[in-house]
Number of protein chains: 2
Amino acid sequence: MEAAKRLFAQHGYGGVSLDTIASEAGVSKQGLLYYFPKKVVLYRAVLQNVLDVWLDYMDVLGHRDDDPETALRTYIAGKLRFSREHPHGSRVFASEVIAGAPHFADEIERRVVPALHADEQVYRRWVERGLCRPMDTRHLMVVLWAATQAYADFASQICLILGKPELEQQDFDDAEKVIVEMVLRSVLRNPGD
Amino acid sequence: MEAAKRLFAQHGYGGVSLDTIASEAGVSKQGLLYYFPKKVVLYRAVLQNVLDVWLDYMDVLGHRDDDPETALRTYIAGKLRFSREHPHGSRVFASEVIAGAPHFADEIERRVVPALHADEQVYRRWVERGLCRPMDTRHLMVVLWAATQAYADFASQICLILGKPELEQQDFDDAEKVIVEMVLRSVLRNPGD
DNA sequence: GTCTATATCGCGATAGAC
DNA sequence: GTCTATCGCGATATAGAC
């Protein structure tokens with residue numbers, strides 16, 4: 001599964017063979033096909049696994065009664081930590097979405113959309129309580145999610161921009177600082193620092 | 001070229017055959033191979049074309065003496081317009097970057113990185129003149145670019161979130177409003193509205 | 001430049017022994 | 001469950017007539 005995740009991320013669904021995945025995982029192609037009878041079954045299993053982990057990192061905003069600043073800081077940190085710790089998973093998922101979600105739209109509808117709607121609800125309650133400015137929460141979530149995910153999906157380009165071979169913890173810390181600052185300044189009624 | 005762009009975006013480099021591209025373009029596979037002797041040559045030609053158009057939309061920030069607010073508004077609007085008008089191009093490019101830029105790192109280094117560095121310079125001058133807060137410009141540009149590009153690359157997921165079959169102009173206008181607000185509130189010393 | 005024909009290979013998937 | 005063997009197909013790429 002981990003081998004498949006990495007290879008799908010690197011070469012895309014159609015760009016990698018079962019032979020390559022199997023040998024990378026230390027099994028035979030037939031052994032692989034015994035557990036995953038079709039290539040697409042393996043692919044969906046990888047995506048399910050990614051989604052499981054992703055949602056674990058995400059549901060921070062919805063399940064706390066923190067004040068907006070703390071909740072948003074935690075949320076952004078969690079999303080960036082996912083990008084840092086599961087870059088391949090993020091990339092497989094991103095590739096699938098870029099392709100138009102041909103093999104996973106049903107699960108996105110079933111699991112991702114409700115999670116984001118729950119986050120929107122939390123934000124709306126903050127607005128009602130006068131803690132946050134009224135904003136288009138759907139697009140706010142899109143921006144938040146795009147900004148944090150970029151550090152996994154587009155790492156190769158960010159590396160070229162930063163002039164280094166790979167992203168380090170410091171880069172994620174810097175990114176977190178910028179994103180947190182942008183979000184807090186735009187949503188809080190009385191930005192702190 | 002347009003057919004190849006759309007198909008590479010939809011299925012990835014390894015997920016589409018020359019036969020499919022050729023028939024979609026109304027030529028024979030051999031006719032295609034006459035002009036692009038290798039598949040990877042066609043692919044790179046597509047990426048070059050995307051990059052040409054992309055840079056046209058991007059160099060707005062660097063080539064004007066506008067005040068920061070006007071320049072940033074124009075820049076964000078331009079990036080979103082690219083996402084709106086060239087979604088397939090954006091997706092091909094994103095796929096290549098997600099894969100680690102195996103076929104295009106040299107051109108990104110040569111053309112994209114300098115463009116972004118120029119934008120950084122513009123921002124630094126604004127800071128020196130006291131017009132903007134000091135920020136990590138590299139990450140600011142990453143966030144800006146990720147947020148705007150998401151409306152092309154991840155359109156399928158955003159559609160699921162918004163509950164509609166495809167993005168309309170109104171959605172891009174809403175996104176622009178949110179992104180502009182976020183950016184201006186965080187970089188300007190005296191945000192207007 | 002465009003066509004027919006074809007070489008050569010690797011792909012996903014299956015069959016059946018053990 | 002794992003192995004060897006193999007099917008059938010479609011892929012990139014080339015050769016050569018016209």
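Every chain is numbered from 1 and lettered A, B, ... according to where its sequence line falls, protein lines coming before strand lines.
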Chemist: Write down the distance between CG (B:Asp19) and P (C:dC3), rounded to a whole number of angstrom.
Modeler: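 It works out to 13 Å between those atoms.
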Chemist: Which whole-number value in Å describes the distance from A:His11 NE2 to C:dC11 C1'?
Modeler: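 In whole Å, C:dC11 C1' and A:His11 NE2 are 16 Å from each other.
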Chemist: OP1 or OP2 of C:dT14 sitting under 4.0 Å from any side-chain N/O of A:Lys38?
Modeler: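 A:Lys38 to C:dT14 OP1/OP2: side-chain N or O found under 4.0 Å.
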Chemist: Do any side-chain nitrogens or oxygens of B:Ser17 fall under 4.0 Å of OP1 or OP2 in D:dA11?
Modeler: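 Affirmative; the distance criterion is met.
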Chemist: Donor-acceptor pair, A:Ser156 side chain versus B:Val97 backbone, under 3.5 Å?
Modeler: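 Answer holds: yes.
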Chemist: Could you state the atom-to-atom distance from NZ of A:Lys39 to P of C:dC11 in whole Å?
Modeler: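 Value for this atom pair: 9 Å.
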Chemist: Side chains of A:Arg91 and A:Gln10: donor-acceptor distance under 3.5 Å anywhere?
Modeler: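 The answer is no; no qualifying pair exists.
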Chemist: Calculate the interatomic distance between A:Leu7 atom CG and C:dC11 atom C1'; express it in whole Å.
Modeler: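 The answer, rounded to whole Å, is 16 Å.
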Chemist: A:Val16 near the nucleic acid: base, sugar-phosphate alone, or nothing, with a heavy-atom cut-off under 4.0 Å?
Modeler: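 Sugar-phosphate contact only - A:Val16 comes under 4.0 Å of backbone atoms but never of a base.
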Chemist: Is any side-chain heavy atom of B:Arg81 closer than 4.5 Å to a side-chain heavy atom of B:Tyr57?
Modeler: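 Counting from C-beta outward, B:Arg81 and B:Tyr57 do come under 4.5 Å.
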Chemist: Rounded to the nearest Å, what distance is computed from the CG atom of residue B:Leu18 to the P atom of nucleotide D:dA11?
Modeler: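 After rounding, the reported distance stands at 9 Å.
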Chemist: Give a yes or no answer on whether the side chain of B:Ser83 reaches the backbone of B:Thr148 with a donor-acceptor pair at less than 3.5 Å.
Modeler: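 Yes; judged by distance alone, with no hydrogens or angles, the pair exists.
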Chemist: Strictly below 4.0 Å, heavy-atom distances to any atom of DNA chain C: list the hits from residues 20-31 of chain A, or just say none.
Modeler: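 Only A:Lys29, A:Gln30 qualify.
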Chemist: For B:Leu42 and D:dT12, what is the distance between atoms CG and P respectively, to the nearest whole Å?
Modeler: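 Distance check: B:Leu42 CG to D:dT12 P gives 10 Å.
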Chemist: Nearest whole Å is fine: how far is C:dG1 P from B:Leu32 CG?
Modeler: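 So the CG-P distance, B:Leu32 to C:dG1, works out to 14 Å.
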Chemist: Name the nucleic acid region contacted by B:Tyr35, choosing base, sugar-phosphate or nothing; use a 4.0 angstrom heavy-atom cut-off, strictly under.
Modeler: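 Sugar-phosphate only.
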Chemist: Round to a whole Å and report the spacing from CG of B:Leu33 to C1' of D:dT14.
Modeler: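 Between C1' of D:dT14 and CG of B:Leu33: 9 Å.
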Chemist: Does A:Tyr34 put a side-chain nitrogen or oxygen below 4.0 Å from OP1 or OP2 of D:dT2?
Modeler: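 No, outside the criterion.
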Chemist: Have B:Tyr13 and B:Glu96 got a donor and an acceptor in their side chains that come within less than 3.5 Å?
Modeler: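 Their side chains do not contain a donor-acceptor pair, so the 3.5 Å distance test is not met.
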Chemist: Going by atom types alone, do A:Gln48 and A:Asp52 pair a side-chain donor with an acceptor below 3.5 Å?
Modeler: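 No, no side-chain donor-acceptor pair sits under 3.5 Å.
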Chemist: Please determine which of A:His11, A:Glu24, A:His88 meets the side-chain hydrogen bond (donor to acceptor under 3.5 Å, both in side chains) test together with A:Arg6.
Modeler: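 Only match with A:Arg6 under side-chain hydrogen bond (donor to acceptor under 3.5 Å, both in side chains): A:Glu24.
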